[in-house]
Amino acid sequence: MVCGALTATIAGITLVGWSVDAEVPRSGLPGSVAMNPVTAVSFLLIALPLVTLRRSGLRRVAVAAASVGGALGAVKLIGLLGGLDVGFDRWLFPGSLENVAGGHPNRMAPNTAACFAGIGLSLALLRSDRDHHFAQVLALLVGLSAFVALAGYVYDLRELYGVGRFIPMAPNTAIAFLLVSAGAMLARPDREPLNVITSDGAGGTLARRLLPAAVFVPLALGWLRSFGERVGLYATETGIGLMVVASVVTLTILVVWTARLVDRGEDERARLQREIEEKARQLNIMNEELESFTYAVSHDLRAPLRSIAGFSQVIEEDFADRLDDSGRGYLTRISDAAARMGVLIDGLLDLSRINRVSLKRERVDLSGLSARILDDLQQANPERSVEVEIEPGLSAVGDPRLLEVALRNLLGNAWKYSRNETSARIEIGSPNGGSNLAEETFYVRDSGAGFDMAYADKLFGAFQRLHGVDEFEGTGIGLATVQRIVHRHGGRVWANGRVGEGATFYFTLGNNGGDS
Amino acid sequence: MRKEPILLVEDNPDDVELTRRAFHKNKIGNEIVVARDGVEALDYLFGRGQWIDRDTRFQPQLILLDLRMPRLNGLEVLERIREDERTRRVPVVVLTSSDEEQDLVRSYDIGANSFIRKPVELDKFIDAVRNLGLYWLVLNEVPRESE
């Protein structure tokens, strides 16, 4: 936007210069060719898209303005190439055009025309997602041409800013093109090619510091050399030699300075890295301690549990005649409680084991696995008739043992919670159908008791249950186990349900069954 | 055929009691010798300490070995058993509450014949012992002792 504004200002000053017949405003450098008034108008047109870049509403206007500016340049260029005298550059201030310094009557220069054609196209395409890269390359080319012209003025080399016998590009025109080109390049700072410079990383910082030097140091040294030679300080060869030496020295200093900068950045990075590693190490140790604690506790709890369950049974068997019904009933409760505790401990052990084993990565046939699990369930409960639908061809990459545990939990739940339905139905499938997608989703659906979505966030907590033990037995570890398995694969698990209408559990397994 | 005793190496007295009961329920008649830890077990097998007068030409028909015990743990006992010529071929069933994969693997590596995890429920335990007895004491063949 700033570039656009500045360009417009230059154009405006030029036009003012023409109207009051003042030389400096209309050519930038005294003694140089002046910017043609129509060129100035074209610049105004070109500046419009830049100034309005951020306002999406004016896009069509901007594109139209850029196209007109570009067209003007293209027409003039074609005319010059074809030998035609396309005269619209004489429409403004026709009288003053003929009496100017520099020898030529003032016209739009061919290189100026070419640049307008290029930059017009570039600005017209700038907002398009598809073509903006091309647009910026064009802008870069135009900027380079303008830079060459400007360098020509700095070194007083006419070949750089004028083509053949045609009128050369004016210095303020060159500056204006540079501004427009810069504006076009800055239009998309977060994408190629500018993001190399604007990025936050080491590369961006380096680029931002070195780029000005890369541009100005050679320019300055070159100018110094030619200035010294012109003033008579030294001959051409000496001048070149001096410039070479100066270049070497400057570049070496730059390299050393840059190296120091990079080193400092790397030191900082290494320090942060070490900090992270230290924290990770501590976290790992804590985790391991927690796991071995969980393991030891679960393990050591099983022995007394065996005693409780075992001797209750012994009493039941050996002293049955000396016990009445309530006595035997109490003993049964003790045994049942012990059995439940055993399942809980086993569940805890399983849960802790999931984090300890190393993850294998294989392609697992989930359809086949589900079929086997449902088969087992049917065999264990032959009296139940459940409608089963398994989508064929379901497969995923992951650890086969853990995936089996997860599916056993999910399908086992589906089986358990649809127990009270007369026509129970269990489905397993994939909503986006087919394998080989980046993150494939699977679901297990049952037509059973369902759950209240209000408590959905408690579903996967360890020991959290949404039903009482008398409704459905269970320890509340199953879904926690599923979640841990899914998380280890880099995936997510969630569920939808309705009381009395069943539940659907969805899970993904991340990309390539990764390990987190 | 001479019925040799079963050596039960177990430190938990409750488990000893329940194991005896399980064998009794299954009408397995072998005498059950109990060693409370690894040291006692090796004393028995090699005729040392309190068992100094035992005739070590006769070895148990079956050794039931727990893994987690004080002093010498089960795996070390198993190593010694498999190292000695007198006891190398005695069937050893590891009967333990551990479900650690590495215990399983190490046991088989050192030469256990079988690995059984003690269930919590007594019924299941009795079943396990019955199957144990049926297999290791009746069905399974061992080399004849060279007298």
Side-chain angles (χ1 to χ4, degrees), chain A residues 288 291-320 328 331-360 399-402 405 473 475 481, chain B residues 8-28 32 34-38 64-70 73-75 93-107 115-132:
Chain A
E288 275 181 21
E291 292 298 342
S292 71
F293 174 75
T294 310
Y295 173 75
V297 162
S298 314
H299 204 271
D300 294 338
L301 286 175
R302 295 178 99 246
L305 201 57
R306 259 200 312 282
S307 305
I308 293 173
F311 288 110
S312 307
Q313 179 124 1
V314 169
I315 295 177
E316 219 175 321
E317 287 169 8
D318 293 0
F319 298 90
R328 278 191 291 274
L331 281 175
T332 309
R333 287 205 190 211
I334 293 177
S335 307
D336 287 348
R340 264 204 311 282
M341 187 168 164
V343 171
L344 259 170
I345 293 177
D346 280 350
L348 270 177
L349 277 176
D350 283 344
L351 200 58
S352 98
R353 193 180 305 123
I354 289 170
N355 276 353
R356 283 186 286 128
V357 300
S358 48
L359 211 63
K360 281 204 277 230
D399 186 296
R401 302 159 295 166
L402 291 184
V405 171
E473 72 284 2
T475 54
T481 306
Chain B
L8 172 62
V9 190
E10 171 65 65
D11 66 319
N12 184 333
D14 285 349
D15 278 341
V16 168
E17 177 72 31
L18 291 170
T19 307
R20 273 193 193 282
R21 185 184 174 85
F23 274 107
H24 176 71
K25 285 259 160 190
N26 284 302
K27 315 241 186 303
I28 293 171
I32 297 184
V34 177
R36 303 259 163 206
D37 62 25
L64 296 176
L65 183 58
D66 190 11
L67 288 185
R68 298 191 178 253
M69 293 181 294
N73 78 40
L75 288 173
V93 171
V94 172
L95 190 63
T96 182
S97 37
S98 162
D99 67 345
E100 277 295 277
E101 184 78 3
Q102 74 228 36
D103 282 343
L104 183 79
V105 170
R106 280 293 289 151
S107 304
F115 187 102
I116 293 182
R117 203 168 162 240
K118 289 185 216 170
V120 167
E121 300 88 337
L122 190 59
D123 281 347
K124 297 214 178 102
F125 187 53
I126 295 184
D127 276 351
V129 168
R130 176 175 60 250
N131 291 327
L132 243 175

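Numbers restart at 1 for each chain; the letters A, B, ... are given by sequence-line order, proteins then strands.
One finds the OG atom of B/S97 at 10.5 Å from the CD1 atom of A/I345 (value rounded to the nearest 0.5 Å). Taken from CZ in A/R306 to CG in B/D14, the straight-line distance is 9.5 Å, to the nearest 0.5 Å.
A 4.5 Å side-chain heavy-atom check between A/F311 and B/L18 finds at least one atom pair inside the cut-off.
Surrounding CZ of A/R333 are at most 12 heavy atoms belonging to other residues, nucleotides or ligands under 6.0 Å away.
With sequence neighbours excluded, the residues forming a side-chain hydrogen bond (donor to acceptor under 3.5 Å, both in side chains) with A/E317 are A/Q313, B/R21, B/K25, listed by chain and number.
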